[in-house]
Amino acid sequence: YASEIRYINLPTAYKPSVYRKFPLVMFEERGSKFYTCPLPPLILSRICDGLFYDFGNDSKLRNEFSKRFEEYIFELISNNLGGKFEVLSEFIYSKALRTPDILVRQNADFNCAFELKARRQSPYARGATNASSEAAEAFMEIAKGIAQLWRFSQDVKVGRIDRVGRNEKYYLVLCTLDNWIEFSENINKELRDLAQIYARERSWDIGENQDEICICSVDDVEYILNHG
């Protein structure tokens with residue numbers, strides 16, 4: 001079985017290990033069964049992250065997972081910035097449009113918007129030379145997040161959101177559970193192109209010059225908030 005799951009066209013470092021799925025090894029000796037764990041940290045990984053891959057195809061559980069991810073990021077930002085900044089959850093504005101998942105403002109001035117995407121990255125996508133093709137659905141989800149931030153930014157610039165107000169200096173952040181762009185060359189441009197196509201197909205107003213968006217993982221956000 002181990003040789004079968006590793007017989008894939010990936011760099012050696014990204015080929016899946018059988019111990020990640022089955023961290024315990026059973027063997028028999030003198031009629032008794034014994035269990036050993038060659039890599040003990042993988043037990044914790046298996047019962048935490050590993051469960052997501054077992055049930056990730058269940059849409060209800062995936063939605064619940066995304067909800068918990070949003071709640072965690074909201075608490076993380078609130079606990080670190082709550083004294084100086086006001087942290088807002090997503091709300092609906094004109095024509096049933098929704099803001100990004102989390103907004104940060106100070107003295108009624110909008111400072112930052114976070115759009116969150118909780119899709120996990122499979123070992124195949126992580127090690128593939130063309131990750132955007134290997135995980136096309138997930139990358140389109142990230143591109144959708146970029147388009148949503150652009151639309152929101154344009155609405156802020158033209159004053160369509162009373163609760164946020166008009167502001168021209170703010171930050172747009174797309175926060176992902178895994179680091180989707182770390183090992184992929186030119187992926188930022190691919191994502192921007194996909195986002196423009198996504199917005200154009202839906203006739204979204206994203207302006208002529210789209211803002212730069214910081215794409216980062218939750219690990220990056222945790223580090224910045226705890227050490228900034």
Side-chain angles (χ1 to χ4, degrees), residues 66-94 97-119 121 138-184 186-199 202 204-228:
S66 297
K67 179 182 176 182
R68 296 294 181 89
F69 181 57
E70 292 176 13
E71 291 173 352
Y72 170 71
I73 297 297
F74 184 88
E75 289 186 11
L76 180 68
I77 296 173
S78 297
N79 291 338
N80 283 274
L81 300 179
K84 298 180 180 179
F85 296 86
E86 182 182 6
V87 184
L88 305 175
S89 297
E90 171 192 72
F91 60 85
I92 298 175
Y93 61 101
S94 63
L97 298 178
R98 292 182 176 272
T99 67
D101 296 307
I102 298 174
L103 303 178
V104 179
R105 67 181 184 182
Q106 184 179 39
N107 299 326
D109 290 330
F110 165 60
N111 297 96
C112 187
F114 288 82
E115 181 66 26
L116 310 178
K117 298 299 179 185
R119 293 296 292 266
Q121 188 179 34
F139 270 87
M140 181 54 73
E141 184 70 16
I142 295 174
K144 173 185 174 182
I146 293 174
Q148 289 171 319
L149 285 168
W150 281 341
R151 182 185 64 183
F152 170 76
S153 176
Q154 180 66 10
D155 289 344
V156 170
K157 290 175 181 177
V158 300
R160 293 186 182 129
I161 312 175
D162 295 335
R163 192 173 171 184
V164 172
R166 300 185 68 169
N167 195 357
E168 295 185 0
K169 187 177 182 180
Y170 48 83
Y171 300 95
L172 303 174
V173 180
L174 180 67
C175 177
T176 59
L177 192 57
D178 290 331
N179 196 331
W180 284 89
I181 65 172
E182 183 177 8
F183 303 107
S184 304
N186 302 319
I187 198 63
N188 272 314
K189 184 179 184 305
E190 288 185 49
L191 287 170
R192 288 178 67 92
D193 291 344
L194 285 173
Q196 289 171 346
I197 293 172
Y198 186 92
R202 289 154 181 80
W204 286 1
D205 180 11
I206 59 174
E208 295 183 3
N209 298 309
Q210 288 78 51
D211 296 313
E212 288 297 323
I213 292 177
C214 173
I215 304 176
C216 61
S217 70
V218 61
D219 293 338
D220 297 323
V221 175
E222 289 173 336
Y223 183 86
I224 291 171
L225 290 175
N226 289 324
H227 296 83

Practice prompt. Check step by step if salt bridge (Lys or Arg N to Asp or Glu O under 4.0 Å) holds for E190 and R192.
Written response: CA-CA 5 Å; E190 288 185 49; R192 288 178 67 92; over 6 Å; no
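- Nearest approach of R160 to Y93, heavy atoms of both residues: O-CD1, 4.3 Å.
- Nearest heavy atom pair, residue A195 against residue A147, reads O-CB, 3.7 Å.
- L88 contributes atom CG, which lies 10.0 Å from atom CD1 of I102 (distance to the nearest 0.5 angstrom).
- With a 6.0 Å radius and a threshold of 12 heavy atoms from other residues, nucleotides or ligands, R202 has its CZ atom above the threshold.
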Discussion item. Run the salt bridge (Lys or Arg N to Asp or Glu O under 4.0 Å) test on R151 and D155 for me, step by step, so that the C-alpha distance in whole Å, both residues' side-chain angles and the decisive distance to 0.1 Å come before the verdict.
Written reply: CA-CA 6 Å; R151 182 185 64 183; D155 289 344; 5.1 Å; no
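- Nearest heavy-atom pair, A113 versus L103, reported as atom, atom and distance to 0.1 Å: CB-CD2, 3.7 Å.
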Practice prompt. Using the side chain to side chain contact (heavy atoms under 4.5 Å, CB included) rule, take K157 and D211 through it: C-alpha gap first, then chi angles, then the decisive distance, then the call.
Written response: CA-CA 11 Å; K157 290 175 181 177; D211 296 313; 3.0 Å; yes
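- A 4.5 Å side-chain heavy-atom check between F69 and V218 finds at least one atom pair inside the cut-off.
- Residue L149 comes nearest to L172 through the heavy atom pair O-CD1, 4.1 Å, listed as atom of the first residue, atom of the second, then distance.
- Applying the side chain to side chain donor-acceptor pair (under 3.5 Å) test to residues at least two apart or on different chains, the pairs with a partner in residues 69-81 are Y72-E222.
- Rounding to the nearest 0.5 angstrom, the gap separating the CD1 atom in I215 from the CD atom in E115 is 12.0 Å.
- Atom OG of S89 is separated from atom CZ of F74 by 4.0 Å, given to the nearest 0.5 angstrom.
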Item to complete: Would you please test V173 and C112 for side chain to side chain contact (heavy atoms under 4.5 Å, CB included) and show each step?
Response: CA-CA 7 Å; V173 180; C112 187; 3.8 Å; yes
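- Taking all atoms of both residues into account, the shortest heavy-atom contact from I146 to L191 is CD1-CB, 3.8 Å.
- Heavy atoms only, all atoms of each residue included: L194 and A143 are closest at CB-CB, 3.6 Å.
- Annotation: cation-pi geometry satisfied between R163 and F91 (NZ/CZ under 6.0 angstrom from ring centroid, within 45° of ring axis).
- By the 4.5 Å heavy-atom criterion applied to side chains, R105 and Y170 are not counted as neighbours.
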Worksheet item: Would L76 and V221 count as a side chain to side chain contact (heavy atoms under 4.5 Å, CB included) if you check the C-alpha gap in whole Å, the side-chain angles of each, and the deciding distance to 0.1 Å?
Response: CA-CA 9 Å; L76 180 68; V221 175; 4.0 Å; yes
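- Judged purely by atom type and a 3.5 angstrom limit, N226 has no side-chain atom pairing as donor or acceptor with the backbone of Y223.
- How far CH2 of W150 is from CD of Q154: 12.0 Å, rounded to the nearest 0.5 Å.
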Discussion item. For a side-chain hydrogen bond (donor to acceptor under 3.5 Å, both in side chains) check, start with the C-alpha distance between Q210 and Q196, then their side-chain angles and the critical distance, and finish with the verdict.
Written reply: CA-CA 9 Å; Q210 288 78 51; Q196 289 171 346; 3.1 Å; yes
Discussion item. Evaluate Y171 against V104 for side chain to side chain contact (heavy atoms under 4.5 Å, CB included), listing each step before the verdict.
Written reply: CA-CA 10 Å; Y171 300 95; V104 179; over 6 Å; no
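- Checked against the 6.0 Å centroid criterion, the rings of F152 and F110 qualify as a close aromatic pair.
- The structure places CG of L116 at 9.5 Å from OG of S66, a figure rounded to the nearest 0.5 Å.
- I142 contributes atom CD1, which lies 12.0 Å from atom CD1 of I213 (distance to the nearest 0.5 angstrom).
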